[in-house]
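To start, the structure under review is shown below, and the notes come after it.
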Amino acid sequence: MNTVNDTLIPVLGVITDVRIDTPDVKTFRVVTPDGKKAFDHKPGQCAMLSIPGVGEAMFSITSSPTNTEFMEFSIKKCGCVTDWLHQAEAGQQITIRGPYGRPFPVDTEFKGKDLLFIAGGIGLAPLRSVINYCRDNRADYGTIDIVYGSRSMDDLVDYKEIVDEWTKDTDVHVHLTIDREQQGWDGHVGFVPSYVKELGFDTNKTAIICGPPIMIKFTLDAMIELGFDKTQVYTTMELRMKCGVGKCGRCNIGAKYVCKDGPVFRCDELDELPDEY
Amino acid sequence: MQKVNRDVLLEKAAAMLDAGEVQAVLGWGAGEFAYDVTPRVFETSDELRADFVWNDFCGANLSKYLVSKTKKLEGKLLVFLKPCDTYSFNQLLTEHRFEREKVYAVAVPCEGMADVQKLKALAGDGISSIESTDSGFSVTTIYDDAPVEVKGADVLLEKCANCKSRKHVAYDELLGDEGEVLDSNRFDEVERIEAMTSEERFAFWQGELSRCIRCNACRDVCPACTCEKCVFDNPNSGAENKAPTTSFEEQMFHVIRAFHVAGRCTDCGECSRVCPQNIPLHLLNRKFIKDINTFYGEYQAGAEEGSRAPLVDYTLEDLEAEDVFKKEAE
Amino acid sequence: MQVNEYKPLIVAFCCNWCSYAGADLAGNNRLNYPADVKIIRVPCSCRVNPMFILRAFQRGADGVIICGCHPGDCHYTSGNYYTRRRMALLFSMLDFLGIERERTRLEWVSAAEGAKFAATMNDFAETVAALGENKRLEDLRCKK
Amino acid sequence: MRKCSLSKLTDLFQKINESASLYLPATDNAGGAVYTKWADGVEYLDVLNTVRSPKDFFFPQSENLMEFKLKGKNIEILDIREESEDFVIFGVRACDVKSFEVLDRVFLSEPVDSYYQNRRAHAVIISMACMRPADTCFCTAFGIDAAEPAGDVSAWKTECDLYLKANTEKGAQLLAKLSNLTEECDDSEVSPLQEKIRNIMKKLPLEGISLENFGKGKTKEYFDSPLWTELSEACLGCGTCTFVCPTCQCYDIKDFDTGSGVIRYRCWDSCMYSDFTKMAHGNSRNTQVERFRQRFMHKLVYYPENNDGLFSCVGCGRCLSKCPISMNIVKVMKALGGEKK
């Protein structure tokens with residue numbers, strides 16, 4: 001009996017590094033106790049992290065699958081589990097299980113395409129995995145554009161990596177924006193949807209959007225205005241999850257379970273679903 | 001059989017709706033069978049004429065719905081209240097749970113409501129029709145057996161078999177005749193349990209509470225349970241639990257549920273009526289009522305609007321906790 | 001002969017203003033009372049929610065005692081009067097459910113009554129010890 | 001087919017119980033029935049439905065999944081799973097047998113739920129034909145034949161005999177063990193009985209309720225229906241319907257701190273509860289209308305969509321008789337299906 005694995009039973013993970021990204025976002029580096037990566041994943045997939053006695057929650061894996069040493073999770077402080085994680089130090093053990101969900105179609109639909117990533121706030125977390133995957137397999141993809149916005153300069157997650165690495169790549173164009181004017185910021189100011197319209201991208205690109213639901217909604221409208229088709233736009237979603245495998249019955253939108261059939265959806269697929277999100 | 005018939009209630013409600021005196025009517029709606037009655041808000045007199053029912057299966061207490069339904073309406077809501085429902089109505093008013101001026105309360109005399117389970121136990125599960133007779137019901141089944149005659153008194157809901165009052169304590173209008181406060185035997189069962197030994201009582205309650213499936217129906221139907229967020233649903237309370245994981249959790253839930261409504265419970269009996277497992281939950285409430293009566297003087301929650309519940313009150317000469325059992329022994 | 005090693009675990013909720021000071025005084029005066037009495041300080045005896053008492057039993061307490069200021073002496077004027085009513089009803093209910101009535105107690109102990117505090121605890125511990133372990137309100141998950 | 005005199009029923013139970021624990025409906029001392037472990041003195045109660053469905057056997061209301069020991073920054077994960085014992089469930093009605101198929105499709109689909117699978121693999125199900133169905137029964141709508149219940153062994157009860165027919169290898173093995181207490185027979189006694197049952201089924205008040213309008217691809221048709229508001233108006237938001245339902249399988253996973261460790265357990269959850277979809281930053285189903293809709297859409301549309309048209313309802317009628325306000329799936333089906341406006 002004990003030899004059968006059950007997906008509900010997690011493995012141990014150790015937090016080896018905690019990086020403070022913004023006032024309310026930290027990035028945690030997680031490996032198994034013997035220093036390995038807990039499991040392989042694909043870009044856009046998620047994992048269940050838990051602290052026994054506190055709770056279990058689903059997080060998108062922020063690090064790229066091409067990173068074979070460890071996994072990273074960028075986590076915003078907003079509930080019981082995240083509060084607890086934010087006060088954790090390096091060396092703290094947690095439990096981890098996964099990977100869960102349908103990944104971005106990096107090996108099929110995305111191949112050879114020009115990619116446009118649009119993120120808002122902590123929405124960069126799931127996209128960072130894909131962006132870095134594509135950067136690491138640069139020959140397989142066309143140009144990469146990244147539009148990233150947040151409330152303020154201090155709320156830009158992974159700012160260092162963006163500036164030090166992403167902007168230096170050839171054929172990777174980063175467009176940053178913040179909601180309101182701020183001292184020391186000489187970049188663009190304004191909300192993401194209007195910035196996207198301003199930038200006016202070529203409609204042959206494949207777009208990937210992630211951010212607060214309201215931002216996704218308006219950005220999608222902007223994209224359509226620019227002439228994009230919904231089949232060209234992907235997004236990733238989040239709802240309350242318990243099992244991660246489509247059995248506990250709570251994260252569904254219509255007949256689709258976000259944990260199993262998502263979290264990545266193509267926007268035309270969302271049209272098929274009822275408006276419950 | 002109810003003394004005031006459906007047409008009287010229907011005409012009253014329809015007339016007021018049509019005249020625009022009330023915006024909606026909170027009553028009982030017809031179901032699939034003769035006995036499955038659903039509380040319902042009617043907005044037109046046509047709806048009323050089609051689906052309104054008033055029969056021997058209208059056990060549901062509508063007063064708790066006033067809390068949510070009056071908030072949704074601009075105008076007045078007409079509600080039908082049986083005698084026991086009027087106590088809940090008063091208690092909710094005392095606790096300021098809804099605005100009195102938004103309600104037009106129509107009191108309806110009640111001769112006791114029937115318990116479908118008891119009826120089915122006597123007549124069979126496959127009921128095809130229920131006819132009211134002078135003494136009760138004539139029930140036909142789908143099994144080709146002869147109709148079964150059932151005495152009304154044998155199939156009363158527990159709360160009706162031990163009815164405490166046929167007097168309406170609050171209303172804007174009364175249909176039919178006013179009743180009296182009754183000398184009920186409602187504490188007999190409590191006394192029977194009190195007379196047991198501690199071991200017997202423990203065994204009794206273990207047997208009853210172990211059936212609990214924590215569906216929360218007793219809490220959700222209770223007119224005294226109107227907290228916006230129940231402590232048992234609040235993950236930060238330390239008491240949240242969804243399943244009767246151990247016998248302790250069962251005891252905990254039911255003691256706290258009953259304690260929280262102690263002094264405010266009007267003994268409307270809804271908790272026991274809706275329990276899918278037939279746990280006699282009213283006994284816990286009645287124990288508190290009986291104790292309050294013995295320790296602090298007779299008190300009937302809801303009898304008087306604005307009265308001070310015993311647990312938010314005190315006297316300097318109150319009984320000491322250590323004397324509780326001496327007093328009970330008397 | 002086998003020696004009975006059983007010592008009951010007792011949780012005592014003590015009001016900050018009287019009973020907790022009473023416990024302090026008992027300590028200062030070197031008065032003995034069982035070490036298995038675990039004191040939880042509360043701002044007033046009426047802070048003790050019935051749920052606290054049940055939780056204490058769940059987590060392994062064999063007896064629960066609530067100590068507050070004497071009637072009339074409440075720091076908040078009337079808190080202990082409410083406690084008196086609540087506990088009377090709760091204790092009666094627990095008894096009704098078949099929980100041994102000796103396992104719960106409400107006692108008034110002032111800041112000056114160190115001796116009464118010690119005596120009360122000794123007496124309560126003895127009473128509970130005679131009853132043995134709490135079996136009727138236990139949570140098996142917590143017994144390890 | 002084998003037959004056994006009802007006077008030897010106790011011997012039969014005794015014999016079954018020798019090799020595997022036997023569970024059967026017995027009185028719950030409160031007017032209902034509950035599956036009880038058989039021992040001498042436990043009487044089989046031939047009631048139509050137990051209050052709790054037999055899903056408990058495979059998917060109990062709460063079960064411990066694993067334990068954790070915590071020490072400083074370190075965690076130890078303890079796998080507490082144990083091999084289930086063999087057991088036999090006697091007297092399962094046709095509708096409840098069908099419910100196992102509904103549950104199987106959830107728990108035995110990849111990734112397989114080992115807790116469920118473990119118990120499912122160790123169970124033998126003896127079903128029982130329904131001699132006296134209730135007015136709340138509507139299993140025929142789901143193509144269930146109460147006169148020919150599925151299961152490892154099917155059983156029929158006449159005035160004086162019990163008839164047993166094995167449907168599976170497991171069932172045949174069980175009947176082989178009972179060969180001393182039973183005798184071979186043909187179905188000449190059973191056929192008229194089945195005829196009788198089918199005739200009663202035709203007279204059921206809910207006979208003919210149609211599922212035509214439900215199933216795959218109906219999401220958009222019903223999701224925004226104004227009827228949901230009306231139907232859910234009186235709903236208390238309690239979990240009675242979900243907890244007595246044989247096919248409701250949603251669960252919650254929670255941690256319990258024992259003081260010396262943490263137990264992670266799974267328990268039934270109800271989509272009717274306000275915290276079912278509550279997250280740290282919001283709730284996707286904020287009102288009872290949405291929660292009410294979820295339950296019925298799941299049973300009538302979403303589940304069939306994902307499971308080749310199989311409905312997640314078996315017409316057992318428990319929710320009809322237990323709902324505190326008498327709102328139930330039949331009323332929903334009729335209202336949405338257009339029978340009653």
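The sequence lines fix the lettering, A, B, ..., with proteins before strands; numbering per chain opens at 1.
- You'll find the side chain of B:T245 stays beyond 4.5 Å of the side chain of D:F256, heavy atoms only.
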Inset, instruction - Walk me through it: do B:I142 and D:D135 pass the test side chain to side chain contact (heavy atoms under 4.5 Å, CB included)? - result: CA-CA 8 Å; B:I142 52 176; D:D135 46 8; 5.6 Å; no
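- Residues forming a side chain to side chain contact (heavy atoms under 4.5 Å, CB included) with B:T70 (at least two apart in sequence, or on another chain): B:L66, B:L77, B:F98, B:K102, B:V103.
- Closest heavy-atom contact between B:P276 and D:K322: O-NZ, 2.9 Å.
- Between chain D and the residues B:S68, B:C218, B:G126, the most heavy-atom pairs under 4.5 angstrom are made by B:G126.
- Side-chain atoms of B:K69 come within 3.5 Å of backbone N or O of D:E233 as a donor-acceptor pair.
- For the pair B:K229/D:S274, a side-chain contact is recorded, criterion being any heavy-atom separation below 4.5 Å from C-beta on.
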Inset, instruction - Could you go through the side chain to side chain contact (heavy atoms under 4.5 Å, CB included) check for B:R211 and D:V34 one step at a time? - result: CA-CA 9 Å; B:R211 288 200 305 279; D:V34 59; over 6 Å; no
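- Neither the backbone nor the side chain of D:T242 comes within less than 4.5 Å of any heavy atom of chain B.
- For B:V37, the part lying near chain D is the backbone, with the side chain staying farther off; criterion is any non-hydrogen pair under 4.5 Å.
- Panel note: side chain B:Y65, backbone D:A234; a donor-acceptor pair is recorded below 3.5 Å.
- For D:R132 and B:D125, the salt-bridge test fails: no basic side-chain N is under 4.0 Å from an acidic carboxylate O.
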Inset, instruction - Show your working on side chain to side chain contact (heavy atoms under 4.5 Å, CB included) between D:S62 and B:K242 and close with a plain yes or no. - result: CA-CA 9 Å; D:S62 84; B:K242 278 185 183 152; over 6 Å; no
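- Using modelled atom types, one side-chain atom of B:T38 and one backbone atom of D:S326 make a donor-acceptor pair closer than 3.5 Å.
- Considering every non-hydrogen atom in both D:F243 and B:I213, the closest pair reads CD1-O, 3.1 Å.
- Of all heavy-atom pairs between B:A243 and D:Q61, the closest is CB-CG, 4.0 Å.
- Among B:Y35, B:F33, B:W28, the residue making the largest number of heavy-atom pairs under 4.5 Å with chain D is B:F33.
- For the set B:N278, B:D36, B:V274, B:T141, the entry with the most heavy-atom pairs within less than 4.5 Å of chain D is B:D36.
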